[in-house]
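This structure is a prediction, so every number in the text was calculated from the model and none was measured.
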Amino acid sequence: MKYEFKGNQGDFYMENPDLTSYLYFPLANESGVMSCVSPDLGGDSKMDQNSFLMPPVSCENLHNDKSSRNVWCRVDGRGLWSLTGRSSWQQAQLFSDHKESAAVEAGFMHHKLTRTLKQLGLKGTISSLVPATGEKAELMKIQIENISGEYKSIQIVTAIPLYARSADNIRDHRHVTALLHRIKTTPSGVIVTPAMTFDERGHKRNHRSYGVFGGNEFQRPVGYYPVLEDFIGEGGNLENPKALYENPLKPQGVDFETGGYEALGGLCFQECRIGPKEKVTYFVAMGYGNTEEELIQSCEQFLNERAFDRCWEQTADYWNNKVNVRLNTGNHVFDLWMRWVSFQPMLRRIYGCSFLPHHDYGKGGRGWRDLWQDCLALLMMDSSGVRQMLIDNFGGVRMDGTNATIIGSGQGEFIADRNNIARVWMDHGVWPFLTTELYVHQTGDLGILLENNSYFKDVQVCRGEEKDLKWKAEDGERQRDGEGQIYSGTILEHLLVQNLTSFYDVGEHNHIRIRGADWNDALDLASQRGESVAFTCMYGYNLKGLADFLEELKAQGTEELEVAQEIRQLLTEDRAVYDDIGKKQEILAHYCRSCSHRISGKKAVINGEELQADLRAKASWIFDHVRETEWISSRNGYGWYNGYYDNSGNKVEGEGAAEVRMMLTSQVFSLMSGVATDRQVGEVVKASHAHLYKEDIGGYRLNTDFHEVKMDLGRMFGFAYGHKENGAVFSHMATMYGNALYRRNASREGYHALMSLFDHCSNSEKSRVYPGIPEYVDARGRGVYHYLTGAASWYLVTVITEMFGIRGQYGDLVFKPQLLKEQFDWQHEAWASLIFAGKSLKVIYKNPRSLDPETYRITGISLNGIPCQPLNRDWGIGREELLKLPGQELHTITVDLNAE
Ligand code: G1P
């Protein structure tokens, strides 16, 4: 079952989607409505963990549970046909040759299901969307067409369970919480307003109403089935509802009230006769309201064709415009697939990491590293709000260099963990610098480093090892100084705190301790003796990058910097100290204690050049140390980097008698940071290909099979090999591998890593997902946890800034393409259109001699047809020049690639 793209927006068409299991599609808006639909319109809709309109759905419910959107058509007063394909007889026919045909057509946030049953002479379509205009509702347009030569009597009945409460209640007081339901019918629908909510927030008076409304220009429902048990009847179920076998039907009327039962959005429309080629159309709105009036108002406006069709257009346009990066390479499918990848970070900002069927962990929100990485994609598509977002996010950093892990829903809102669980992920300090680095280059706004924000404060101190019992929740979640004032420091200071504290936080091999885990959340059983060499490399990269920032700040006139006096303890250029594990731990402990409750509030003035030298010394010490101690030479003549030490203090990777143990993460970060030397790049590539590459599942696996449940490293070894963090092709790391290779100018290898993922994921017969990149590909090749993954941001950034090489250099636009000759179209051109410096640009690369990156060079650039001069050493266009360009129109930049 392969999908095909239609048009230029990324819309696609798929026949018989119901013959692929586990498919789901996101429908959501920025007002907080989060729905998802499977090809038979299973799936759910919610606003948050405590407000589910339909019963919460996990991946296995997609095929096992019909408690979702059901739409029935009674034909000639007898036959019952489910427009969503969910009747028991349709299910029984699913694998026969006479199966009715079904197809899905979809684009961003809109989805249309068509089912045609020739024997019955009927075609039904259900178009679904969540309005981009912000109403708190999900809408359906239900249309039946008579494709036979005779008149038919048809009657539509919806059956949408109104669960109307917290996901927690699915197994916790499911029945008792139904007793809270107050149910009533109105002239257009069914409303449920539970009297109270029972969940972890306690027993509270509830105000949220949920409802299902329906009708069209001419009519409203003629009756209702507001109570689930009345509809399914004794012995029936939602695939075979007994109420619909009665003749005539006996629904309830308007103004019916009851309570204490599971509710149903059962709307019964008037039976009607339709002739050949005639259609009948109804509209349904499923919504949320803080009052019943608000609910009715947001839903009823859509119960007519004009309003629905307008909203359909507006929704498609809104998201199509939001995804404002467009590509043209020689591969049109890739270009359209990239639109879905670019769309995914927007989905993650809406759904967090919890609210699609595979994502059944967590109660909403995003994690710390997600927060930072999702900004990468924003910097490619809409950088307008990013400055403030970054500054606010830095407010989550603690003085000991760790950070808040519970992230509130408002920007810059960080919450103390009431359960007092200390968990420190050692990679957390890495991501803010990477995002800030991209931001500074894309925008030229080095000034952000000198902006101020406060620090996060809670009971956790000394990097999760101690508790500050003097701190009380009433003190608030911001670090205070000796006088009780909220302390503020620059963004640069926050970055220094994160990276310098990590530098000293070493274990027995003088690499940074893994503590709770690193990027791989499932490396969580090595908190005493474990070390992550992989991320030690990246801290080295960051320390060097911070020094580069200081150099640029100096060039722009900032010679001295103010930092909290306590930070001075972390500055020493003495390499003897760097080699001395005990001394490092002592310095860190000292520093942490000095800021464990309140800090002095005194500032020290530091010379920028001296600080630069200090940071460079630390970075180069890390590089040397990892190079000297962690390179593994294999028997086959190539090598790679060991990235971990386990809780027994042993090296994790290497070539044992029984098997090769190798991890992709270690290679990614040794390459990306620059720790791997140029000569080693080729060796790492060969080793990764030999040990980790598997063509039929999308490329580079996260690790080889250790054949051991390694209780001294992490829960990942509890997962069967080939799944998730244990050896799956984990898209995020596989994409970062591509990024790292491009950074090291290994263009063909980087391309290969990205394309292996694309080839697999975009082939829905193999990956069994709709367009886009899933979190990982399992051992059988199925893409799982579709849509919500950090891989999407990295993929987009890599394609733009590395593959196309269109990137900022302290605000100027420079070009460093690594496009291979096969990526150009038949006219030898490849282009990308995007926003940079607030201007819409189309960058066209011309490669008339079909050369590869090793052989082509940029030989000329023109802007709107006028030739430009090179910028210093690079080919590009200065920001000043770009800012002078007039407003809204599209400007064309042509870049010539040639041998000379
Ligand atoms: C997920 C998490 C991410 C974590 C990764 C590996 O990846 O969101 O924070 O680092 O698992 O454990 P993602 O879904 O972002 O690809």
Check: Is there a donor-acceptor contact under 3.5 Å linking the side chains of Q498 and H428?
Finding: no
Check: What pairs with R369 under salt bridge (charged side-chain N to carboxylate O under 4.0 Å, His left out), at least two apart in sequence or on another chain?
Finding: D427, D521
Check: Does E451 have any salt bridge (charged side-chain N to carboxylate O under 4.0 Å, His left out) partners at least two apart in sequence or in another chain, and if so, which?
Finding: R387
Notebook entry, point to check: Are F730 and W519 close enough that their ring centres sit under 6.0 Å apart?
Noted result: yes
Checklist line | Residue pairs, two or more places apart or on separate chains, that pass ring-ring contact (aromatic ring centres under 6.0 Å, His included) and touch residues 588-613 | finding: none
Margin query: Over 60° means perpendicular and under 30° means parallel, so tell me whether Y541 and F433 are parallel, tilted or perpendicular.
Written below: perpendicular
Check: Partners of Q528 by side chain to side chain contact (heavy atoms under 4.5 Å, CB included), sequence neighbours excluded?
Finding: N647
Note to self: Going by salt bridge (Lys or Arg N to Asp or Glu O under 4.0 Å), name the pairs with one or both residues in residues 791-802, residues two or more places apart or in two chains.
What the structure shows: E802-R807
Note to self: Test of understanding: with side chain to side chain contact (heavy atoms under 4.5 Å, CB included), list the residues that count as partners of Q388, not counting sequence neighbours.
What the structure shows: I391, D392, Q411
Notebook entry, point to check: Can you name the ring pair (Phe, Tyr, Trp, His ring centres under 6.0 Å) partners of W631, sequence neighbours left out?
Noted result: Y641
Next item on the list: With sequence neighbours excluded, give me every salt bridge (Lys or Arg N to Asp or Glu O under 4.0 Å) pair touching residues 488-504.
Entry: E493-K603
Next item on the list: Answer yes or no for K686 and Y638: cation-pi contact, defined as NZ/CZ to six-membered ring centre under 6.0 Å and angle to ring axis within 45°.
Entry: no
Margin query: Going by the rule side chain to side chain contact (heavy atoms under 4.5 Å, CB included), which residues pair with E477 if we only count those two or more places apart in sequence or in a different chain?
Written below: A416, R418, F456, W471
Next item on the list: Please report the C-alpha distance between Y455 and F394 in whole Å, then the side-chain angles of each, then the deciding distance to 0.1 Å, and finally whether the ring pair (Phe, Tyr, Trp, His ring centres under 6.0 Å) criterion is met.
Entry: CA-CA 8 Å; Y455 287 79; F394 274 106; 9.4 Å; no
Check: Under the 6.0 Å and 45° cation-pi test, does K584 pair with F503?
Finding: yes
Next item on the list: Determine the interplanar angle of the F549 and H441 rings, folded into 0 to 90°, and report it as parallel if under 30°, tilted if 30 to 60°, perpendicular if over 60°.
Entry: tilted
Next item on the list: Kindly indicate whether the side chain of E880, heavy atoms from C-beta on, has any atom under 4.5 Å from the side chain of D812.
Entry: no
Notebook entry, point to check: Is a donor on one side and an acceptor on the other found under 3.5 Å between the side chain of Y578 and the backbone of T572?
Noted result: yes
Notebook entry, point to check: Any side-chain heavy-atom pair from S688 and Y700 closer than 4.5 angstrom?
Noted result: yes
Note to self: Suppose we screen for side chain to side chain donor-acceptor pair (under 3.5 Å). Which residues come up paired with E566, at least two apart in sequence or across chains?
What the structure shows: S600
Check: Listed by chain and number, what are the salt bridge (charged side-chain N to carboxylate O under 4.0 Å, His left out) partners of K544, not counting sequence neighbours?
Finding: D548
Item checked: Side chain proximity check, K467 to V461, heavy atoms < 4.5 angstrom -> no
Item checked: K470: salt bridge (charged side-chain N to carboxylate O under 4.0 Å, His left out) partners, not counting sequence neighbours -> none
Checklist line | Sidechain N-carboxylate O distance under 4.0 Å for D481, K602 | finding: no
